[in-house]
Amino acid sequence: MDGSKAPEVFLKPYDPAAQEPKILEMWEKSGYANPDVCVEKGVTKPDAESYSIVLPPPNVTGTLHMGHAAMLAVEDILIRYHRMRGYKTLWLPGTDSAAIATQSKVETDIYKKEKKTRHDLGREELLRRIDEFVEESKATIINQTKKMGSSLDWSRYAYTMDPPRYRAVMEAFMRMYEAGLIYRGNRIVNWDPKLQTTVSDDEIEYVEQKDPFYYFQYGPFVMGTVRPETKFGDKCVIINPADERYKKYKHGQKIDLEWIDGPITATVIHDPDQDMEFGSGVMTITAAHDAHDFELAQKYDLPVIQVIDDRGILLPIAGEFAGMHIKKARPAIVEKLKAKSLLVKVDENYVHNVATNSRGGGVIEPQIKRQWFIAVNKAVEFPDGKTMTLKERMREAVESSAIKIMPERFEKIYYHWIDNLRDWCISRQIWFGHRIPAWHHEPKCIPISGREADISKCIPIIVSREKPECQFCAAAYEQDPDTLDTWFSSGLWTFSTLGWPEDTKDLKTYHPTSVLETGYDIIFFWVARMILMSGFLLGDIPFRNVYLHGLVRDAKGRKMSKSLGNVIDPLDMVNKYGADAARLSLIIGAAVGNDIKLSEDRVRGYKHFANKLWNIARFVLESDRDPMRSDLIGSDQRLVDEVQNVVKSVSEHIDKFRLDLAADQAYHFVWDRFAAEIIEESKPILKAGGEPAASRSYTLYAILLTSLKLLHPFMPFVTEAIWQELPSKESDLLMVAKWPFDSAQGKFV
RNA sequence: GCACCCUUAGCUCAGUUGGUUAGAGCGUUCGAUUCACAUUCGAAAGGUCUCAGGUUCGAACCCUGAAGGGUGCACCA
């Protein structure tokens, strides 16, 4: 008997605030989050299988919210479990530049303090200020991330705008351009007049809005519209050839009629897809400011006339209304048409969806613009030799089960999205971001003196990694002012963080990654784009499993928002109840893909559990025992077997990504079985002494050890804190202790 | 409009091949406590598993339909 008594620290309740910083420091010093260190120190075998997760990078200028905390908890559990299982385990951290969000934040701050706009500062100065801001604020999110107990390998930290990632983005653009996947086109795009930039289809959020629906006399027809201010250039009228009401009007027929600014000649177009049920069944075409109309204009080769400028101001075509903002112009135009007796009726309660920029921008105005696009329907050759379109590639990756999406129902949503996907507009008119490697020739050619100049040969635009020089004249090239959609660089994230385009050891070892864990709200933005990018650039999938977690809501199921005042700050919870409690509250009861309803009571409940474990340890360590003992009496052997079976079951739940069930089971075993029953029935046995007491005290110690390992992935701090107080242990840190069950082999270790 | 999901105790949710008496946490009520537990233990109350049909020896679970709630996508002149 070693007769040891429990260390004094156990005399007080578990105090996360005192323990957590010490534990964090020990973990950090150990370097075990870095798989190379684990191999060096003999914790992981050099030829071990690898397991990797790349952290979905939070906004570099943001702060940690509950969604992040849930994400960190899930990933850290998977990582710690696999590290203990002996995998070569990498969890790679990073932050995202969040182009539009960051730029608007800095612009707003500058305007508040200095009353200056980005145009007053100029591009270079604005970018300098943004970098400054990023430098200042990035420590916040990084420190908060660490406080959750995340065992990330910070030696591999990546930032979307750092030089290696910038280079990867340029390389990706060049390769896609050279393959003909990236092209420049003059097409209708989603224009945000507030942020002055284009926005991709996926960033659009439709908001229900009530607006008057006007019916106007248009020659012999009545046309309906919510947007009279766009109708100046409308000279084509669409009817369905099957529509009995308009049978006498032939396709191509010219009709003279009175319109907003006087007489015009309209052309009748027959289109079999025209909806006869909607409004009057008659529609005029506004090709420049409506995606559907633009398609029709292309189909029937109709003129496309811009009516509204980038700021929402009417152009000269609007006659007396030119120069007015569309908001003010609308009622004025309606008044004029009414005065001309062209207003037939108004439906005041028309409810429709208005496109807005979900990234905090304004109401979208479709505009025709020359932008860069990625062709999703063009067949190209992939690095693995297959020839197909990007759409087909994205579909195949999931259909072939190479990638598994959890919960499964999101696979259908994913396919549905692919089917409706149009070419992806990747250029943005903001300054902060990866600049497009395209170079524009100066507007005028400058002949080179003393040389026969053939300026007609000058190439107006060149796509190149380096700034090109004109072969034919002395004019310079200037870089395209646009930057890339932030999701372009995000799409490369699983491999740009591992050193691509270099053929690095990390890339070979850790790609494809094992799991991508993220919120279901960015499945299209991000998940699909990663599949697209690694498909084309590597000929491989970016990850094997997609684990989609739900949104964290308040106790009543409402979204957490500042305006509702129901935001629970994860750091508050960590300070009050400890990181372990915060983590458990986000895991237990949260099945894959389901929203998580969180209340402070839940967090408090799990703090009690941390304390429970603490006291179990105190009790077990206080009793005398023989650490070398190995032969147990029968009833005790059965207890050990029982724990083993719990370990097995918990392992299987984790393997199936049912972390909620795994955590719940471990929790109940430790509290209801170990503490409430096993320890209680041990008290008289220990008191009685003799052989049964010796066997039992060793048994309790063994169950404690296993319980600590079992709970470590879920509540790493308190388990590690107890581990540190153990009189003898197999490894200096619980973080790298051996997980007691090998589910691949199906046996206990 | 097309598709998907949800509806189980007062609240939040488990219940994954259809099988005794449907479970947990929180909350409520009552009791215990010289004990490893300031954060402990025991017990109780609380259910027409949304509704209506069907399959089955047997349904919370499978099928059909309905209602309510939610989500994605499209349309929106």
Side-chain angles (χ1 to χ4, degrees), chain A residues 6 10-14 201-202 204 206 208-209 211 213-216 218 221-228 230-231 234 237-238 274-275 277-286 289-293 296 350-355 407-421 520-521 523-524 550-551 553-557 577 581 584-585 588-591 593-623 653 656 658 660-661 664-665 667-668 671-672 675-677 679-680 682-683 687 700:
Chain A
F10 287 112
L11 294 179
K12 283 182 186 164
Y14 175 62
D201 292 342
D202 297 294
I204 301 291
Y206 290 93
E208 249 187 23
Q209 194 172 304
D211 279 306
F213 189 86
Y214 304 98
Y215 289 90
F216 297 116
Y218 191 78
F221 307 105
V222 172
M223 58 83 83
T225 183
V226 200
R227 305 199 59 196
T230 64
K231 301 296 166 209
D234 288 22
V237 56
I238 304 269
Q274 172 68 2
D275 185 351
E277 306 295 316
F278 190 90
S280 58
V282 173
M283 175 178 90
T284 61
I285 292 187
T286 311
H289 301 291
D290 183 286
H292 180 236
D293 291 7
L296 282 171
Y350 178 68
V351 177
H352 64 140
N353 288 329
V354 175
E408 216 172 321
R409 65 171 187 274
F410 283 98
E411 293 190 355
K412 284 184 194 143
I413 296 175
Y414 173 79
Y415 293 138
H416 188 73
W417 175 81
I418 291 176
D419 292 339
N420 288 297
L421 188 62
Y520 62 68
D521 49 334
I523 179 168
F524 308 134
L551 305 178
R553 297 171 179 276
D554 76 359
K556 291 175 187 152
Y577 306 110
L584 272 186
S585 70
I588 296 183
N594 285 358
D595 288 351
I596 305 152
K597 296 197 179 74
L598 185 73
S599 64
E600 196 166 333
D601 280 346
R602 272 170 57 85
V603 189
R604 193 182 302 118
Y606 292 118
K607 188 195 168 169
H608 297 178
F609 180 56
N611 193 56
K612 188 77 187 176
L613 188 61
W614 190 249
N615 280 293
I616 290 172
R618 175 180 167 185
F619 178 84
V620 172
L621 295 180
E622 265 179 356
S623 61
H653 282 312
K656 285 186 203 149
R658 288 305 304 263
D660 53 328
L661 298 182
D664 196 52
Q665 199 185 0
Y667 171 95
H668 281 109
W671 196 316
D672 298 338
E677 293 172 6
I679 287 185
E680 286 307 320
S682 298
K683 285 176 185 171
K687 226 171 236 170
L700 291 178

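Each chain gets a letter, A, B and so on, in the order its sequence line appears, and its residues count up from 1. Everything quoted here is computed from the prediction, not taken from an experiment.
- Shown here, U29(B) forms a base pair with A43(B); the pair counts as Watson-Crick or G-U wobble because both key distances fall under 3.5 Å.
- When the nucleotides C76(B), A24(B), A36(B) are ranked by their closest atom to the side chain of Y206(A), C76(B) comes out on top.
- Nucleic acid contact class of I679(A) (heavy atoms, under 4.0 Å, all strands): base.
- Counting any heavy atom pair closer than 4.0 Å across all strands shown, N420(A) reaches sugar-phosphate atoms only and no base atom.
- When both pairing distances are held under 3.5 Å, A24(B) makes a Watson-Crick or G-U pair with U12(B).
- Comparing atom distances between the W671(A) side chain and each of C37(B), U39(B), C41(B) picks out C41(B) as nearest.
- Distance, Y667(A) OH to U39(B) C1': 11 Å, rounded to whole Å.
- Under 3.5 Å, the side chain of Q665(A) and the base of A14(B) form no donor-acceptor pair of N or O atoms.
- Between F619(A) and T225(A), the one whose closest nucleotide on RNA chain B sits nearer the 5' end is F619(A).
- Base pairing analysis places C51(B) opposite G65(B); the two distances defining the Watson-Crick or G-U wobble pair are each below 3.5 Å.
- Using atom P as the reference point in both G70(B) and A38(B), the two lie 44 Å apart (nearest Å).
- For the pair W671(A)/H608(A), a side-chain contact is recorded, criterion being any heavy-atom separation below 4.5 Å from C-beta on.
- Here the CE atom belonging to M223(A) is positioned 7.0 Å from the OH atom belonging to Y218(A), to the nearest 0.5 angstrom.
- Of the candidate nucleotides A77(B), A74(B), G72(B), A77(B) has the atom nearest to the side chain of D275(A).
- Remark: A60(B) base-pairs with no nucleotide; criterion is Watson-Crick or G-U wobble with both hydrogen-bond distances under 3.5 Å.
- Along RNA chain B, the nucleotide nearest I238(A) and the nucleotide nearest I204(A) are compared for position; the residue whose nucleotide lies closer to the 5' end is I204(A).
- Listed nucleotides A36(B), C75(B), A77(B) differ in distance to D290(A); the shortest reach to its side chain belongs to A77(B).
- Pairing partner, C73(B): G1(B), with both Watson-Crick or wobble hydrogen-bond distances short of 3.5 Å.
- Of the inter-residue distances, the one linking N420(A) atom CG with D201(A) atom CG reads 10.5 Å to the nearest 0.5 angstrom.
- Of the candidate nucleotides A36(B), C76(B), A77(B), A36(B) has the atom lying nearest to any side-chain atom of K683(A).
- No engagement by A610(A) is indicated, since no non-hydrogen atom pair under 4.0 Å with the nucleic acid exists.
- Across the protein-nucleic acid pair, E622(A) atom CD and C37(B) atom P stand 8 Å apart, rounded to whole Å.
- To the nearest 0.5 Å, atom CZ of residue F216(A) and atom OG1 of residue T284(A) are 10.0 Å apart.
- Paired with Y350(A) under the rule ring-ring contact (aromatic ring centres under 6.0 Å, His included), one option of F213(A), Y214(A), Y215(A) passes, and it is F213(A).
- If you check A36(B), G42(B), G72(B) against the side chain of A676(A), the one that comes closest is G42(B).
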